[in-house]
Amino acid sequence: MTRLNFRGEHADLAHNMSAPPRSTVSFRPYGTAVESTGKIGVTPGAAGLRHVLRADPDALLAARLPDTVRRMRALRADGLDAARGRYRQGARASIARVRALRLAGLVTLASSFEAGAPAVVVEDLADQPLEALQDRLADLAGRLPPCPALPAMAVAESLAGGVSGSVPGSTDVLAVLWTLTHLNGRTFDRDGLPILAPDLAEGGAWDFYAP
């Protein structure tokens, strides 16, 4: 049996089979699905992942240090008033104070796991620079006790684009501190070096998923 090759010449069928067959492979990237809007959305559930917890620093502080959260809310209101009055410097100062209080609260909670260490209160930390508070939190994160409630690794999804669903923020201090201080990109690594969530000072919340 013969057929024409691409030069119009006769060639044996067996000889033509030396060319490797061509095929097309389609795949969908891990954890994504096409939404009706045409955008690519993360769907961890469709990828076989279970929700571990929502790490929301403000939800944790509201449960554990409510006075600190009340001060943060008052400062936010002051910042809005300043912004409406076009007092930009005052608005920026209020925002900076909110961020400092948030980190000071997290440092206070993390320091509570330090056996034998002197008690730390938010008021003693709130005037420190953000960089100093971040460094102190990272240092404490490296000495947190083990947290059996967390898997060794998990996928982290930022809620910066909007909170999805009605999942409440976890109030498990140790678990939330672990997740927000061992976040490398979109991966939680329990055995990795302490790395703070990039939007932690701004109150960024994250959902964590594991197989």
If you apply the rule side-chain contact (heavy atoms from CB on, under 4.5 Å), what do you find for D58 with V69, and how did you get there? CA-CA 7 Å; D58 288 359; V69 172; 5.8 Å; no
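- Between F208 and L150, every side-chain heavy-atom pair lies at or beyond the 4.5 Å cut-off.
- For the atom pair D189 CG and W178 CH2, the distance stands at 9.5 Å (nearest 0.5 Å).
- You'll find the side chain of V52 stays beyond 4.5 Å of the side chain of F188, heavy atoms only.
- Contact annotation: the side chain of P211 never approaches that of R50 to less than 4.5 Å [non-hydrogen atoms, C-beta and beyond].
- Panel note: side chain R54, backbone P168; no donor-acceptor pair is recorded below 3.5 Å.
- The distance from the OG1 atom of T108 to the CD atom of E123 is 8.0 Å, given to the nearest 0.5 Å.
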For L75 and L101, what are the C-alpha separation, side-chain angles and deciding distance, and is it a side-chain contact (heavy atoms from CB on, under 4.5 Å)? CA-CA 10 Å; L75 284 167; L101 277 172; 3.5 Å; yes
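- L125 is listed as a side-chain neighbour of R136, based on a closest heavy-atom distance under 4.5 Å.
- Note on residues 190-199: pairs passing side chain to side chain donor-acceptor pair (under 3.5 Å), not counting sequence neighbours, are D199-W206.
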Quick one, V98 with M72, criterion side-chain contact (heavy atoms from CB on, under 4.5 Å). Give me CA distance, side-chain angles, the key distance, then yes/no. CA-CA 5 Å; V98 169; M72 291 167 58; 4.1 Å; yes
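- Linking ILVMFWY side-chain heavy atoms closer than 4.5 Å, directly or via other members, places L137 and V121 in two distinct hydrophobic clusters.
- For the side chain to side chain contact (heavy atoms under 4.5 Å, CB included) test with V107, the passing option among V122, D135, L140, D124 is L140; the others fail.
- We find the CG-CG distance between L180 and L60 to be 8.5 Å, quoted to the nearest 0.5 Å.
- Listed by first then second residue, pairs satisfying side chain to side chain donor-acceptor pair (under 3.5 Å) with a partner in residues 140-150 read E114-R143, D139-R143, not counting sequence neighbours.
- Taking all atoms of both residues into account, the shortest heavy-atom contact from S170 to L53 is CB-CD1, 3.7 Å.
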So H51 and E157, side-chain contact (heavy atoms from CB on, under 4.5 Å) or not? Walk me through it. CA-CA 11 Å; H51 187 262; E157 291 296 334; over 6 Å; no
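- The local environment of CG in L193 is sparse, with at most 12 non-hydrogen atoms from other residues, nucleotides or ligands closer than 6.0 Å.
- Checked against side-chain contact (heavy atoms from CB on, under 4.5 Å), I95 has the following partners two or more places apart in sequence or in another chain: R99.
- We find that R73 and D78 are not joined by a salt bridge, their nearest charged nitrogen and carboxylate oxygen being 4.0 Å or further apart.
- The shortest distance between side-chain heavy atoms of L106 and T181 does not fall below 4.5 Å.
- Residues L109 and L61 form a side-chain contact, since some pair of their non-hydrogen atoms from C-beta on lies under 4.5 Å apart.
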